[in-house]
Amino acid sequence: MFKVLKKQGNARRGEFHTVHGVIQTPVFMNVGTVAAIKGALDTFDLENIGCQVQLSNTYHLHLRPGDDVVRDMGGLHKFMNWKHPILTDSGGFQVFSLSKLRNIKEEGVYFSSHIDGHKIFMGPEQSMQIQSNLASTIAMAFDECVENPAPHNYAKDSADMTVRWLKRCKIEMDRLNGLDGTINKKQMLFGINQGSTYDDLRIEHMKEIAELDLDGYAIGGLAVGETTDEMYRIIEAVEPFAPIDKPRYLMGVGTPLNILEAVDRGVDFFDCVMPSRNARHGTIFTSNGIVNILNAKYERDDTPLDPNCKCHTCQNFSRAYLRHLFKAKEMLGMRLAVIHNLYFYNNLMAEIREALDSDTFDEYKRKKVAVLGQRV
RNA sequence: GUGGGUAUAGCUCAGUUGGUUAGAGCGCUAGUUUGUGGCACUAGAGGUCGAGGGUUCGAUUCCCUCUAUCCACC
């Protein structure tokens, strides 16, 4: 159940109630594709960072260790010792991003494993069954993610099929939630809006899936080749047609700036690999802008990554030490950088929520936008 | 001491049968990263080719001397 506590313009401050606890929104979900946050973080680290929701991946966990293994171990929560909500991505995007040889049909997608190349079939029913075995809090619908730019007719056919797939997902999820052996019988389902960069397709698609009374609505197929302005325009076009009493989730986005702009346009949920991937490559987000910790100028810099940050890394270690760890390719460097970047993202969301609570979001956003893209 | 080898980018080495602006890998410098194939990708800087002399229209390349260094032998 989703409750909007406050609104400022289109920006929403809300609460999403789940069997695994309440999610305060707007929220950033930390990406742990294979039931692990890359950079050697465990779930205790995530608690300290202030992470509310973790995202894991249907496709990856199906391949390894196998969703049947996770089910037999009591589901993802027990398996990785995480008590809070987990959202599982459906595998639709991975088919699009990982597999070059894929054959998309009405029944589902035929493609080959990125690990050993063996043939795999996944359709809406398979995706729901796997996610039910994983027993996540929220399951995502199985969709086709179209790369931008795409021809209008291809985008329309794809969006139409994604609606048909979504209906099959809902039927299968309802069936699975009713089975005796199901671990999480209250597993929720989010639908995914598609339609490439075409306002008419996006709006028509959103209207159709809004009728299905799902637990939440995602906007997918963005940040996959279109410009940032197009992305904002699509969000604006679709927002009026998304149910107001359900959370909106912008999939795979984005930079801190993207998140501020999307919150301002009515989005509640986010996830992105950017804080963790960039951290592993030495790009650090700070309250003063972006730091590339590999830069020579930090060789003898005794200050923390971000002087205003309260994370474990900034409280205890210097830029000079972090740079050394990265140069030496020590795992610890990645770990400390990931801890910081994830803290930064989660803290950004906490500040956004506070600003919305105190009706100062506009002012907060204006201040942040001026600084976030800069290099330190 | 004798004989032989080597000397080219910060490092390890290619190369030129003598011919425009001398290459690679690593390192270095900077940039990129958006529902994550675990450490990726893109670009850039950097060399009077050990020193001196000779042959030649022209030498990093051929010859001589020196220096450094490695190996073997005494």
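The basis for the numbers below is simple: all heavy atoms, side chains too, and nothing from hydrogens, waters or symmetry mates. Letters go in sequence order (proteins before strands), and every chain restarts at 1.
- Residue A/R335 is out of contact with every strand shown, counting any heavy-atom pair closer than 4.0 Å.
- Nucleotide B/rG35 holds its P atom 16 Å from the CD atom of A/Q54, rounded to whole Å.
- Counting non-hydrogen atoms under 4.0 angstrom, A/M231 reaches nothing in the nucleic acid.
- Between B/rU21 and B/rA40, the distance separating the two C1' atoms is 32 Å to the nearest Å.
- Picking from B/rG31, B/rG35, B/rG38 the nucleotide with the shortest atom distance to the side chain of A/L55 gives B/rG35.
- Ring geometry for A/Y364 against A/F361 counts as tilted: the plane angle lies between 30° and 60°, on a 0 to 90° scale.
- The C1' atoms of B/rC49 and B/rA22 are separated by 8 Å, rounded to the nearest whole Å.
- B/rU55 and B/rU61 are spaced 15 Å apart, taking the P atom of each and rounding to whole Å.
- Candidate nucleotides B/rG35, B/rU34, B/rC28 were compared by shortest atom distance to the side chain of A/K327, and B/rC28 ranks first.
- Contacts of A/N57 with the nucleic acid, taken as non-hydrogen atoms under 4.0 Å apart, involve only primed sugar atoms and P, OP1 or OP2.
- When atom types are taken as modelled, the side chain of A/T88 and the backbone of A/Q131 share no donor-acceptor pair closer than 3.5 angstrom.
- Between A/N292 and B/rA30 there is no side-chain polar atom (N or O) within less than 4.0 angstrom of OP1 or OP2.
- In this structure, A/G92 reaches neither bases nor backbone, as no heavy-atom distance under 4.0 Å exists between it and the strands shown.
- Cation-pi geometry between A/R248 and A/F269 is not satisfied (NZ or CZ under 6.0 Å from the ring centre, within 45° of the ring normal).
- Looking at the side chain of A/I192, the nearest of the listed nucleotides B/rU34, B/rG35, B/rU29 is B/rG35.
- For the pair A/L222 CG and B/rG35 C1', the interatomic distance rounds to 11 Å; values are reported in whole Å.
- Atom CG of A/L294 and atom C1' of B/rU33 are 14 Å apart (whole Å).
- Atom pair A/I290:CD1 and B/rU32:C1' shows a separation of 11 Å (rounding to whole Å applied).
- Checking B/rU65 for Watson-Crick or G-U wobble geometry (two distances, each under 3.5 Å) identifies B/rA51 as its partner.
- Contact annotation for A/M331: base contact, defined as any heavy-atom pair under 4.0 Å involving a base atom.
- Below the 3.5 angstrom threshold, one finds a donor paired with an acceptor across the side chain of A/T283 and the base of B/rU33.
- When rounded to the nearest whole Å, the span between CD1 of A/I284 and P of B/rU33 equals 15 Å.
- Side-chain nitrogen and oxygen atoms of A/N295 include at least one within less than 4.0 Å of the OP1 or OP2 phosphate oxygen of B/rG31.
- Straight-line distance from the CG atom of A/N30 to the C1' atom of B/rU34: 15 Å, rounded to whole Å.
- In this structure B/rC73 sits in a base pair with B/rG1, meeting the Watson-Crick or G-U test at under 3.5 Å.
- Taking the C1' atom of each, B/rG58 and B/rU2 are spaced 38 Å apart, rounded to whole Å.
- Side-chain contact of A/D306 with A/T286: a donor-acceptor pair under 3.5 Å is absent, judged by distance alone.
- Here the nucleotide nearest the side chain of A/M251, chosen from B/rU34, B/rA30, B/rG35, is B/rG35.
- Between A/F344 and A/F285, the ring planes lie parallel to each other; the angle is under 30°, not in the 30° to 60° tilted range.
- Across all strands shown, A/D143 has heavy atoms under 4.0 Å from base atoms, whether or not it also approaches the sugar-phosphate.
- Using a 4.0 Å heavy-atom criterion, one finds that A/L250 contacts no nucleic acid atom at all.
- Using bins of under 30°, 30° to 60° and over 60° for the plane-to-plane angle, the ring pair A/H20/A/H77 lands in the parallel bin.
- Checking side-chain atoms of A/T33 against main-chain N and O of A/N57 turns up no donor-acceptor pair under 3.5 Å.
- Side-chain N/O atoms of A/R277 include one lying less than 4.0 angstrom from OP1 or OP2 on B/rU34.
- One P atom belongs to B/rG10, the other to B/rG47, and the distance between them is 8 Å to the nearest Å.
- Atom CG of A/N278 is separated from atom C1' of B/rA40 by 12 Å (rounded to the nearest Å).
- The partner of B/rG19, taking Watson-Crick or G-U wobble pairs whose two distances both stay under 3.5 Å, is B/rC57.
- B/rG44 is paired with B/rC28 under the Watson-Crick or G-U wobble criterion, all donor-acceptor distances under 3.5 Å.
- The gap from the C1' atom of B/rU60 to that of B/rG23 amounts to 13 Å, rounded to the nearest Å.
- On the C1' atoms, B/rA45 is 11 Å away from B/rA9, given to the nearest whole Å.
- Annotation: A/Y217 is not in aromatic contact with A/F2 [ring centroid separation under 6.0 Å not met].
- For the C1' atoms, the distance linking B/rG35 with B/rC26 amounts to 36 Å, nearest Å.
- A/Q194 comes within 4.0 angstrom of a base, heavy atoms only.
- With B/rU29, B/rU34, B/rG35 as the candidates, the nucleotide lying closest to the side chain of A/R323 is B/rU29.
- Between A/K329 and A/N258, it is A/K329 whose nearest contact on RNA chain B lies nearer the 5' terminus.
- B/rU32 atom P lies 14 Å from atom NE2 of A/H281, rounded to whole Å.
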